[in-house]
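Working notes for the structure below.
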Amino acid sequence: MSEQSTDDGRAPRDGELLRAHRVSGSIASVVSLSLAIVAFRADLSLVWRAAGLVLAVAIPAMVVIVALMHARQRLARALDARLVASADDRREHDALRAQLVTLKADVRELTAENGSLEEQRRDWSLTRKELIEQREALAERSATMSRFALTLEATPDLVLMVGIDGTLLYQNPAAMSALHGVSLHRGLALLRYLSRDAARIMRFDVLPIVMERGVWQGELDIRQRNGELSPTHITVIAQRDRFECPEVFVVIGRDISEERRLREALAVREALHRSIIDALSEGVLVQNRHGEIIAWNESAAQLLGLTDDSSAAQGLQNPQLAASAEDGTPLDADTDPIARARLHGERTTGQIVRIVARDGQHRELSVNAQPMYVDDRDDLDDRPGAVATIADISSQRALHREMERLSVVVRQSEYAVVMTDASARITWVNHAFEQLTGYAAAEVQGQSPGALLQGAHTSADAVSRMRAAIHQEVAYHGELLNYRRNGSPYWVEVSITPLHDTGGGLTGFVGLSRDVTARRAADRERQTMAAALEVAADGVAILDVGGTLEFVNHAFARQAGATAAQLFNKPWLGLYDAREAEVLTHAMRTDLKSLGFWHG
């Protein structure tokens, strides 16, 4: 702000006043110093020196006083100018303050407007986002509807839309093809494509249910374009308006001719399977995941004592059965094969279980069990059910034990035992056969006994008779000359017996043989001795321990007056009278016991 104007027309500044004071002070100092010098000069009179000294003191003081007065005036003018300027500044300050208040108010208004605009911007952003989402949703819905429309066009199922007044509003190609001749806006004429009974059901049963519940499903017969009735699964859905009143009916039809044929075939097959299962000698039962028996056949009922009210039976763990494992341990969830299949999904084959039947007899069962999902699974209980077959093998087990005992006898028998299949190929031999022939059991598997053991000097006639018996499946007994593995011959007495199953079919042969080489040698020796005795001149007779004649030569027969055939198997003492017989008996008995012979 400008100060009050001076005489020369411009406002002095504080710096200029200070410089003027310093200049005037300097001048006064110079003058005072000059007068002091004059006052202290020796060549001047005392008065001049006193006047000079006074002037030296007074002039600066006067200069200073004048300067101070002048400065005071100037300061007064400057203060007046500043007061005027201060008042102008105050007015400008008040004006600026008023403008500031106005600006603050404007700022508040602008801030409020900016907040409102920001809020509107956020609202517009949200609205834009919602509009974008709605547009995307509409686009997705449009795409879905397009796919749905394509699906309706491509599906083989019939799809119709019918108005509340019965007017046909839409039909897909499948409906057009199946219901030939139906056009839009034909109304209730659509019912003529149903059979008489189906049309009545549709009008009086289906539509009231759809009006009330909104949906109906069932099977009706639809007349195809060829005039034939086709079973069809129908779904009728009511679409409602905003007042919850039905305005459009959607009808979906699926041809179930093949499905019905399959169901009927399945029912026939199920009945056939049921009859087969019921005819099985093995028991069959099915348990669900909770252990309830839900199906069984007659054999299972007989074995386990099941009845029509046995759905909650415990199967093999029924206390009345007193079931136990093969070692006699009572069955529990860990040893019961059906429970393991049901609880743990384990498969079991041929586990032996002992029970006490309803008749009090102890029985042995062979149990096969495997898991089977017999009802719907859920997330909380994913356990399977189980199906099991149960066979009463008590008699087979008894026979098996008997066979094991016989097997021990056969293995330890001194007879060589050979078992063959129906084609006379060796399937098993015992240890005696190995010792007799020198062949190991592994060597003879699948071999023919005749090709293995017979040789050059085996009687062809005996072999022919044996083969004829085998061909006729009858028993054979005879003696043959066989050969060992090392080629040495030996004589065997052979007995061959055919084996048949329960149906009479041939299953194989069993042959028993024993070495009779020593006996044959003894027979030959006896025959040689008999031939020598036959030609001897002395009578010779051979008696058994009972005194019966086993052999007589011709000389003895001539002495007895009979033939050898007449004397064979006759009592020796019968050739003598009673007295001689008594004497001979006493004499011979004494000497034979003591000496070992008698002569007389």
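All heavy atoms count here, side chains included; hydrogens, waters and symmetry mates do not.
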Side chains of [X] and [Y]: closer than 4.5 Å at any heavy-atom pair?
{"X": "Trp216", "Y": "Ile234", "answer": "yes"}
{"X": "Thr437", "Y": "Arg485", "answer": "no"}
{"X": "Val429", "Y": "Tyr439", "answer": "no"}
{"X": "Leu303", "Y": "Trp296", "answer": "no"}
{"X": "Asp221", "Y": "Pro231", "answer": "yes"}
{"X": "Val356", "Y": "His362", "answer": "yes"}
{"X": "Ser366", "Y": "Gln351", "answer": "no"}
{"X": "Tyr490", "Y": "Leu453", "answer": "yes"}

Is the backbone of [Y] close enough, under 3.5 Å, to the side chain of [X] for a donor and an acceptor to pair up by distance?
{"X": "Tyr483", "Y": "His457", "result": "yes"}
{"X": "Asn482", "Y": "Leu452", "result": "no"}
{"X": "Asp157", "Y": "Ile252", "result": "no"}
{"X": "Thr517", "Y": "Trp491", "result": "yes"}
{"X": "Asp255", "Y": "Thr232", "result": "no"}
{"X": "Glu434", "Y": "Ala441", "result": "yes"}
{"X": "Thr507", "Y": "Leu499", "result": "yes"}
{"X": "Ser495", "Y": "Leu512", "result": "no"}
{"X": "Asp421", "Y": "Gly446", "result": "no"}
{"X": "Thr548", "Y": "Asn569", "result": "no"}

Next on the checklist: Applying side-chain contact (heavy atoms from CB on, under 4.5 Å) to Gln566 and Lys570, what does each step give before you reach the verdict?
Outcome noted: CA-CA 8 Å; Gln566 291 173 340; Lys570 297 295 184 180; over 6 Å; no
Indicate the atoms forming the closest heavy-atom contact of [X] with [Y], along with that distance.
{"X": "Ala422", "Y": "Phe509", "result": "O-CE1, 3.9 Å"}
{"X": "Val418", "Y": "Pro449", "result": "CG1-CG, 4.3 Å"}
{"X": "Ser513", "Y": "Leu436", "result": "OG-CD2, 4.4 Å"}
{"X": "Ala174", "Y": "Thr155", "result": "CB-O, 3.6 Å"}
{"X": "Ala341", "Y": "Pro371", "result": "O-CB, 3.5 Å"}
{"X": "Thr458", "Y": "Gly455", "result": "OG1-N, 2.9 Å"}

Checklist entry - Among Glu479, Glu414, Glu493, which one satisfies salt bridge (charged side-chain N to carboxylate O under 4.0 Å, His left out) with Arg514? => result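 Of all the options given, the one that passes is Glu493.
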Next on the checklist: salt bridge (charged side-chain N to carboxylate O under 4.0 Å, His left out) for Arg263 and Glu259? Distances and angles first, verdict last.
Outcome noted: CA-CA 6 Å; Arg263 282 205 306 263; Glu259 182 179 334; 3.1 Å; yes
Item to check | side-chain contact (heavy atoms from CB on, under 4.5 Å) evaluation trace for Tyr415 with Asn430 | outcome: CA-CA 9 Å; Tyr415 281 84; Asn430 68 347; 5.7 Å; no
Checklist entry - Checking salt bridge (charged side-chain N to carboxylate O under 4.0 Å, His left out) for the pair Arg261/Glu264: CA distance, chi angles, key distance, verdict? => result CA-CA 5 Å; Arg261 186 188 66 79; Glu264 292 173 353; over 6 Å; no
Could you tell me the separation between the [atom1] atom of [X] and the [atom2] atom of [Y], rounded to the nearest 0.5 Å?
{"X": "Glu326", "Y": "Glu364", "atom1": "CD", "atom2": "CD", "value": "7.0 Å"}
{"X": "Ser324", "Y": "Ile352", "atom1": "OG", "atom2": "CD1", "value": "11.5 Å"}
{"X": "Arg340", "Y": "Asp332", "atom1": "CZ", "atom2": "CG", "value": "9.5 Å"}
{"X": "Arg260", "Y": "Ser230", "atom1": "CZ", "atom2": "OG", "value": "8.5 Å"}
{"X": "Met202", "Y": "Ile222", "atom1": "CE", "atom2": "CD1", "value": "7.5 Å"}

Checklist entry - Would Ser459 and Asp461 count as having a side-chain donor-acceptor pair, cut-off 3.5 Å? => result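 There is no such pair between these side chains.
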Next on the checklist: Looking only at side-chain N and O atoms, does Asn486 offer a donor or acceptor that is under 3.5 Å from a partner on Ser488?
Outcome noted: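 Yes, Asn486 and Ser488 have a side-chain donor paired with an acceptor closer than 3.5 Å.
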Checklist entry - Is it the case that more than 12 heavy atoms not belonging to Arg269 sit under 6.0 Å from its CZ atom? => result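 Counting other residues, nucleotides and ligands, CZ of Arg269 stays at 12 neighbours or fewer.
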Next on the checklist: Just checking Arg484: does its CZ atom have more than 12 heavy atoms from other residues, nucleotides or ligands closer to it than 6.0 angstrom?
Outcome noted: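 Yes, CZ of Arg484 has more than 12 neighbouring heavy atoms, counting only those of other groups under 6.0 Å.
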Item to check | Arg363: salt bridge (charged side-chain N to carboxylate O under 4.0 Å, His left out) partners, not counting sequence neighbours | outcome: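 So Arg363 forms a salt bridge (charged side-chain N to carboxylate O under 4.0 Å, His left out) with Asp359, Asp392.
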